[in-house]
Amino acid sequence: MSESNEYDSCFDNPRLVIKKVLAKPQSEGNGAVVRRSIGRHELRNLDPFLILDEFSVSAPAGFPDHPHRGFETVTYMLEGAFTHQDFAGHKGTINTGDVQWMTAGRGIIHSEMPAGEGSQKGLQLWINLSSKDKMIEPRYQELLDEDIPRAENNGVKVKIIAGEAMGVQSPVYTRTPTMYLDFTLQPTSYHHQAIPESWNAFVYIIEGEGVFGITNSGPVSAHHCLVLGPGEGLSVWNKSSKPLRFVLLGGQPLNEPVVQHGPFVMNSQDEIDQTFEDYQYCKNGFENARYWRSGY
């Protein structure tokens with residue numbers, strides 16, 4: 001890497017923004033409103049990522065009983081709390097700053113409902129699983145806010161949900177290799193974050209506005225998803241008078257066919273047809289569906 005100052009990228013080959021998508025509100029679940037960026041027709045997927053939703057939900061709206069197969073969901077609470085329960089007997093509540101990393105694998109039916117008064121806000125990311133992992137047993141990793149590693153330097157704070165930043169490593173195991181970093185940059189601060197060169201990566205801006213990639217590009221505001229091109233890493237500057245908060249995500253592409261039908265993501269239409277049969281007849285991972293209801 002070459003020497004840099006606050007106005008330059010420190011990368012010989014910096015990642016630039018190659019696509020910008022505004023996440024517009026849409027209805028999802030039962031009365032819930034989400035801002036979908038990945039998963040919209042403008043950005044169908046970004047291997048290995050399938051969907052990114054910024055949700056804002058007030059009771060009684062929510063996401064009642066629904067199935068998944070073939071991928072992982074990562075739910076990150078920005079404000080408020082959500083209660084989760086599934087047909088295997090798992091139940092819990094994640095609060096502001098907490099993360100639930102759920103590997104649906106061969107099959108989960110669960111509900112996700114707001115646990116408090118007012119609007120509950122967060123991000124939900126869907127990460128694809130490789131063909132060899134799609135039918136594994138479901139598992140969970142739940143991270144409390146206070147247990148997520150953090151680092152800070154020169155007006156830049158980062159929560160390391162997955163991957164590494166500022167020399168600090170997350171303990172989360174990512175079956176599909178993934179980085180998930182939550183940055184807050186104070187006014188006039190900047191940061192250079194390395195990203196594995198073979199990975200796809202994107203930014204989602206939660207609040208404020210920032211300059212991404214090269215210092216003379218225009219600022220981008222909240223609710224935008226920025227797809228990054230190839231390179232060594234991302235440079236970002238906060239030239240505004242208010243804090244900038246965004247998540248940076250990167251993942252190793254699977255380079256496999258993606259056949260998605262609602263909450264099921266497999267590699268072929270035959271596998272999707274089989275999944276519907278398994279779900280309908282409560283077999284091959286959906287056995288508990290025959291008798292379970294969440295109560296919502």
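Both backbone and side-chain heavy atoms feed into the values below; hydrogens, waters and symmetry mates do not. Because the structure is a prediction, the values reported are computed rather than measured. Note that the numbering runs from 1 along the sequence shown for the chain.
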Do you see a donor-acceptor pair shorter than 3.5 Å between the side chains of [X] and [Y]?
| X | Y | answer |
| --- | --- | --- |
| E256 | S131 | yes |
| H261 | Q269 | no |
| T215 | K239 | yes |
| D270 | Q274 | no |
| Q124 | W126 | yes |
| S130 | D133 | yes |
| D98 | Y76 | no |
| S189 | N238 | no |

Any chance the rings of [X] and [Y] have centres within less than 6.0 Å?
| X | Y | answer |
| --- | --- | --- |
| Y204 | H224 | no |
| H110 | F87 | no |
| H90 | Y140 | yes |
| F212 | F246 | yes |

Q: Could you go through the ring-ring contact (aromatic ring centres under 6.0 Å, His included) check for F286 and Y281 one step at a time?
A: CA-CA 8 Å; F286 289 110; Y281 292 102; over 10 Å; no
Taking [Y] as the starting point, is it possible to reach [X] by hopping between hydrophobic residues whose side chains are less than 4.5 Å apart?
| X | Y | result |
| --- | --- | --- |
| V203 | L244 | yes |
| L43 | V247 | yes |
| V158 | L248 | yes |
| I160 | F202 | no |
| W237 | L185 | no |

[X] side chain to [Y] main-chain N or O, any donor-acceptor pair under 3.5 Å?
| X | Y | answer |
| --- | --- | --- |
| K91 | T83 | no |
| H223 | S221 | no |
| T176 | N128 | yes |
| Q260 | M266 | no |
| Q120 | E117 | yes |
| E271 | N267 | yes |
| D47 | N255 | yes |
| D86 | I108 | no |
| Q193 | E164 | yes |

Should the pair [X]-[Y] be classified as a salt bridge under the 4.0 Å nitrogen-to-oxygen rule?
| X | Y | result |
| --- | --- | --- |
| R175 | E72 | no |
| D53 | R40 | no |
| E28 | R36 | yes |
| E207 | K242 | no |
| D182 | K157 | no |
| D278 | R69 | yes |

Q) Of the options I195, V227, L226, which is the one that meets R15 in a side chain to side chain contact (heavy atoms under 4.5 Å, CB included)? A)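 For R15, the side chain to side chain contact (heavy atoms under 4.5 Å, CB included) check succeeds only for I195.
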Q: Please assess V259 against F264 for the test side-chain contact (heavy atoms from CB on, under 4.5 Å), listing each intermediate value before the final yes or no.
A: CA-CA 8 Å; V259 181; F264 305 136; over 6 Å; no
Q: Apply side-chain contact (heavy atoms from CB on, under 4.5 Å) to the pair W292 and I109, showing each step before the final yes or no.
A: CA-CA 9 Å; W292 180 83; I109 299 179; 3.7 Å; yes
**Q.** Full working for salt bridge (charged side-chain N to carboxylate O under 4.0 Å, His left out) between E137 and R106
**A.** CA-CA 6 Å; E137 290 298 320; R106 64 200 301 253; 3.4 Å; yes
Q. So H191 and F183, would you call those rings parallel, tilted or perpendicular, with 30° and 60° as cut-offs?
A.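 Judged by the thresholds at 30° and 60°, the geometry between H191 and F183 is tilted.
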Q: Begin from the C-alpha positions of F11 and L234 and carry the test side-chain contact (heavy atoms from CB on, under 4.5 Å) through to its verdict.
A: CA-CA 8 Å; F11 303 109; L234 173 68; 5.6 Å; no
Q: Evaluate the criterion side-chain contact (heavy atoms from CB on, under 4.5 Å) for residue pair T103 and I136; output intermediate values, then yes/no.
A: CA-CA 9 Å; T103 303; I136 61 174; 3.8 Å; yes
